[in-house]
Amino acid sequence: MSAPVVLDLHADPIDLTAALVDIPSVSRDEATLAAAVEHALREQTTGFEVIRSGNAVLARTHRGLPTRVILAGHLDTVPIADNVPSRRERGGPEGDVLHGCGTVDMKSGDAVFLHLAATVADPAADLTLIFYDCEEIEATANGLGRIERELPEWLAGDVAILGEPSGGFIEAGCQGTLRIRVTTAGVRAHSARSWLGDNAIHRLGAVLTRLAAYEPRTVDIDGCVYREGLQAVRVVGGVAGNVVPDEAALDVNFRFAPDRSVDDAVAHASEVLAGDGVRLEVTDRSPGALPGLAAPAAAALVEAAGGRFRAKYGWTDVSRFSALGIPAVNYGPGDPNLAHKRDERVPTEQITHVTDVLRRYLTTGHLTTGRGASGR
């Protein structure tokens, strides 16, 4: 087995981000990066227990402090789009910018966490770091779910910070997500004798009309405004260029505010989509997460960030922590609107800013007011 790539956790987090980007780690292919992260944590930090779980790396301290903070980030990226290795642009209209796959989602967040693990010598809280695999693909493959099943004690804490891109804001909670497949059946026929058939694609027309006219809800929860959305995201149908199709399918994604349960979301979406000759199948579901900013350890983070917070649009793994009763927020460098794009990029100033805020947070006396999860 070849030696792992060497990462310098004491380097500037901007340079560490570039080093992480330069190690390709598309979902299911994170082994090289996981090995590098594991090696770096074992060799360059003190006081951490470090273990490996598949292509995930976990580390935690046991200082007996009254509060435990979880720093969690995924190692995988979406497929590379001619944007690896990284490229740094200096003095442009956006200032100094680091380009590359994962700069936003979310290797800059990972770099901040790794750097802090190596350089915060006397934290005010016990720390748990979780770097996991397969976040960017189907929920059943998510490494954090595997950790929850196999190593649940590693998910105990007073607050969890996900390094998802948030533009340097605290993005609280998250939307839930639901996918429903709408299928219609017809009768196949030659298109030259179409009256002998029944076009299954045409039967989707009424559903598409309702979706186009749908007015999504906006809801304010604890000062965080969530906007819902019900969108058709994929259409499948057709046999050949001269055949009336006898089957068609439409995939619909419902992003719902965290005041709805998954069952409520299914009921609402089904009411909108249901119709004659339409069959509905829920293909994916994940609950949202309420903001949870009133918890002491979360409130201390908002204070350290200068009171800058907003709602999280999209689903993230804060939902998994929220379901465990752990307040969780998204906080990381990068514009989430640039995630997964070919021109994915992050202003280097944001990496520095997030590092400084979290360093201040992890060394503040406010963290001594938690529930004492570090002893669980």
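In this text the structure is predicted, and so the values were computed from the model without any measurement. The analysis underlying the following values was restricted to heavy atoms, covering all of them including side chains, and did not include hydrogens, waters or symmetry mates. Residues: numbered from 1 along the sequence shown.
- Between the side chain of T103 and the backbone N or O of H99 there is no donor-acceptor pair closer than 3.5 Å.
- No single ILVMFWY cluster, assembled from side-chain heavy atoms under 4.5 Å apart, contains both I80 and V104.
- Distance alone, capped at 3.5 Å, is enough to place a donor-acceptor pair between the S261 side chain and the D264 backbone.
- Side chain of R42 to backbone of V50: a donor-acceptor contact under 3.5 angstrom is found.
- Using a cutoff of 4.0 Å between basic side-chain nitrogens and carboxylate oxygens, E164 and K312 are not scored as salt-bridged.
- With hydrophobic clusters built from ILVMFWY side chains whose heavy atoms lie under 4.5 angstrom apart, L273 shares a cluster with L208.
- Of the inter-residue distances, the one linking Q175 atom CD with S319 atom OG reads 11.5 Å to the nearest 0.5 angstrom.
- The main-chain N or O of V302 is never found under 3.5 Å from a side-chain atom of R308 such that the two would form a donor-acceptor pair.
- Ion pairing of D198 with R203 is present here, as a side-chain N (NZ or NE/NH1/NH2) and a carboxylate O approach within less than 4.0 Å.
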Verdict with supporting geometry, D284 and L178, side chain to side chain contact (heavy atoms under 4.5 Å, CB included): CA-CA 6 Å; D284 187 41; L178 175 72; over 6 Å; no
Going through the checks in order, is the side chain to side chain contact (heavy atoms under 4.5 Å, CB included) test met by F131 and F113? CA-CA 9 Å; F131 299 99; F113 294 166; 3.9 Å; yes
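- In this pair, F254 and H268 present their aromatic rings tilted. The plane angle is within the 30 to 60° band.
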Could you check I130 against I147 for side chain to side chain contact (heavy atoms under 4.5 Å, CB included), going step by step and ending with a plain yes or no? CA-CA 9 Å; I130 302 174; I147 292 165; 3.8 Å; yes
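- Cluster membership for L16 and V6, using ILVMFWY side-chain heavy atoms within less than 4.5 angstrom, is not shared.
- In terms of modelled atom types and a separation under 3.5 Å, the side chain of S286 and the main chain of T177 share no donor-acceptor contact.
- Other residues, nucleotides and ligands place no more than 12 heavy atoms under 6.0 Å from the CD atom of Q231.
- Side-chain contact between L71 and I161: present, with at least one pair of heavy atoms (C-beta onward) separated by less than 4.5 Å.
- For the pair R255 and W315, the cation does not sit on the ring face, since its NZ or CZ is not both under 6.0 Å from the ring centre and inside 45° of the axis.
- Of the charged side-chain nitrogens involved, at least one lies within less than 4.0 Å of a carboxylate oxygen, so that R320 and D317 count as a salt-bridged pair.
- Separating the NE2 atom in H74 from the CD1 atom in I137 is a distance of 11.5 Å, to the nearest 0.5 Å.
- Salt bridge K107/D76: absent, no basic N to carboxylate O contact under 4.0 Å.
- A distance-only check finds a donor-acceptor pair linking the side chain of D22 to the backbone of S86 [under 3.5 Å].
- The neighbour count for R227 CZ, taken as heavy atoms of other residues, nucleotides or ligands under 6.0 Å away, does not exceed 12.
- In terms of modelled atom types and a separation under 3.5 Å, the side chain of R342 and the main chain of A81 share a donor-acceptor contact.
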As a quick check of understanding, evaluate salt bridge (charged side-chain N to carboxylate O under 4.0 Å, His left out) for D251 and R179, giving each step before the final call. CA-CA 7 Å; D251 288 344; R179 290 184 180 86; over 6 Å; no
Mind running salt bridge (charged side-chain N to carboxylate O under 4.0 Å, His left out) on R345 and E89 for me, showing each step along the way? CA-CA 10 Å; R345 63 195 184 277; E89 177 185 7; over 6 Å; no
When you look at E138 and R28, which way does the salt bridge (charged side-chain N to carboxylate O under 4.0 Å, His left out) test go after all the steps? CA-CA 11 Å; E138 65 272 15; R28 300 189 191 280; 2.5 Å; yes
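- Judged purely by atom type and a 3.5 angstrom limit, S25 has no side-chain atom pairing as donor or acceptor with the backbone of E30.
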So D335 and K341, salt bridge (charged side-chain N to carboxylate O under 4.0 Å, His left out) or not? Walk me through it. CA-CA 11 Å; D335 180 351; K341 293 178 71 70; over 6 Å; no
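- Between the side chain of E344 and the backbone N or O of L338, no donor-acceptor pair lies under 3.5 Å.
- Under 4.0 Å is where a charged nitrogen must lie from a carboxylate oxygen, and between E49 and R60 at least one such pair does.
- Annotation: E148, atom CD; neighbour count of heavy atoms from other residues, nucleotides and ligands within 6.0 Å is above 12.
- Considering only residues two or more places apart in sequence or on other chains, Y313 meets the ring-ring contact (aromatic ring centres under 6.0 Å, His included) condition with none of them.
- In this structure, T184 contributes its side chain and A200 its backbone to a donor-acceptor pair below 3.5 Å.
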Could you walk me through whether V112 and L358 satisfy the side chain to side chain contact (heavy atoms under 4.5 Å, CB included) test, starting with their C-alpha distance in whole Å, then the side-chain angles of each, then the deciding distance to 0.1 Å, before giving a yes or no? CA-CA 9 Å; V112 170; L358 288 179; 4.0 Å; yes
